Amino acid sequence: MRDLLGDEAARRRAFDTAFIEVVGAAGYEQIVPPILEDIGVFSRIGEATDVVSKEMYDFVDRGGRHVALRPEQTASVCRAFVEHRPALPYKAWYSGPNFRYEKPQRGRQRQFDQVGIEVLGPEDPHVDVEVIAIGWDFLASLGLTDVELVLNSLGDPEDRRRFTEAVGDHLRAHLAKLSEQSRETLERNPLRVLDSKRSEDAPIIAAAPRIEDFWSTEAAEHFSEVRSGLDRIGVPWRADGGLVRGLDYYRRTTFEFRSGALDSAQNALGGGGRYDGLVEDLGGPATPGIGFAIGVERTLIACDSESAFPGPAGGVEVFVVDTTGGSEALALSTELRRGGRTVDRGFGGRSMKAQMKAADRSGAQLALIIGDDELASGTVTARFLRGDRPQEQWARTEANRLVAEALADHRPPEMTES
Ligand code: HAM
């Protein structure tokens, strides 16, 4: 679990802003589910998954309720849907922390942020296409280019059940050659073995039954429409029958956005899929659903490797330096802020030198200095901290207008209209 300060926190906030722009343009509304839920909400994700069986932060609260910190938000969104029944189709986006007791490493924390969307209601394959395209376009909007979309369909529940059984039989027939980890995974969740990256498992996985041989006609048709929809709007994809994902609720379409800039163990920037049975499992009416979540920290690591999305330049526009006791700084900074400027100031009656150092650190374009002479003559000294404009003496009463003029001439690059 990490702290985010200064530039990192500003970049995190800008990440949300970029996401909101993309999802807002497609008619998604925000949902803010609680971070803590009844344990029953998350058991639906799948008792056989690591996320539920090994990684959940769960405990009994003071009222004797068994609760957990959410490991993801799809189940919470479905629980909220069952409780509030918003009109269908229900298109929601979210952003916030999740908790999994994993082994921390680069791109894997115990508290991590996700941004995501969920669509409840339509079974239409165009919804799958819309959801996938939003994820794709969002990552592109950050400036990422080394991203691959991997697609699969797990078929309908009966297809998935027969496939799981066939994979289990195949793996058990080659038990002795499987890695120890995969033998263990096989006991709990045979499909997850298909995700193994270990070299000793590779030939056995390559010879395993293939999901496409188990698709029902309807599931195959649905998946074909998803692929042609993506082609129609120019979103490139690669089909991979081994993409099973780590959560049990998936049916039909599953997908992952992978980054070529990350280690293969943590290369999924985000992923998602259909979970047509989940709302029903949580006590609601049969309601199809699909969505994705993108891991914020991991995506920012990929951005670093691709020199993309540097985040906003922080700081204020103006810094007020007052060596006459501070009450002039109080008045002037308040006046400028009320006029719409971003302003910081020195505190505690510090020396001119110390306050000018703070002004420089603040990122301000302009320092407004009030010393004894300025106070006596009703002026301020305007010192331009970037560029070579010489300092000027302004009438105190004109400060608001002159600041606006000076800043219009000296806009920082990120505020320049393109
Ligand atoms: P997930 O694949 O478990 O899916 O997580 C989505 C993304 O969250 C991952 O691709 C990764 O970027 C990030 N993530 C997961 N665990 C960690 C971790 N320990 N540290 C850092 N990042 C992590 C879900 O959570 C589903 N709810 C997605 C979904 C939405 N499916 C349908 N709708």
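Values in this document were obtained by computation on a predicted structure and should not be read as measured data. In listed order, ligands and their atoms are each counted from 1.
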Would you indicate whether the side-chain heavy atoms of Y275 and L120 approach each other to under 4.5 Å?
yes
D263 with R106: basic N within carboxylate O range, under 4.0 Å
no
D7 with R11: basic N within carboxylate O range, under 4.0 Å
no
Sorted by chain and residue number, the residues having a heavy atom closer than 4.0 Å to an atom of ligand 1 are E72, T74, Y94, R100, E102, G107, R108, Q109, F112, Q114, E118, R245, L247, Y249, Y250, A268, L269, G270, G271, G272, G273, Y275, G291, F292, A293, G295, R298
Closer than 4.0 angstrom, basic N to acidic O: yes or no for E297 and R2?
no
Which value, rounded to the nearest 0.5 Å, describes the distance between T49 atom OG1 and R192 atom CZ?
8.5 Å
What residues form a ring-ring contact (aromatic ring centres under 6.0 Å, His included) with F257, not counting sequence neighbours?
F255
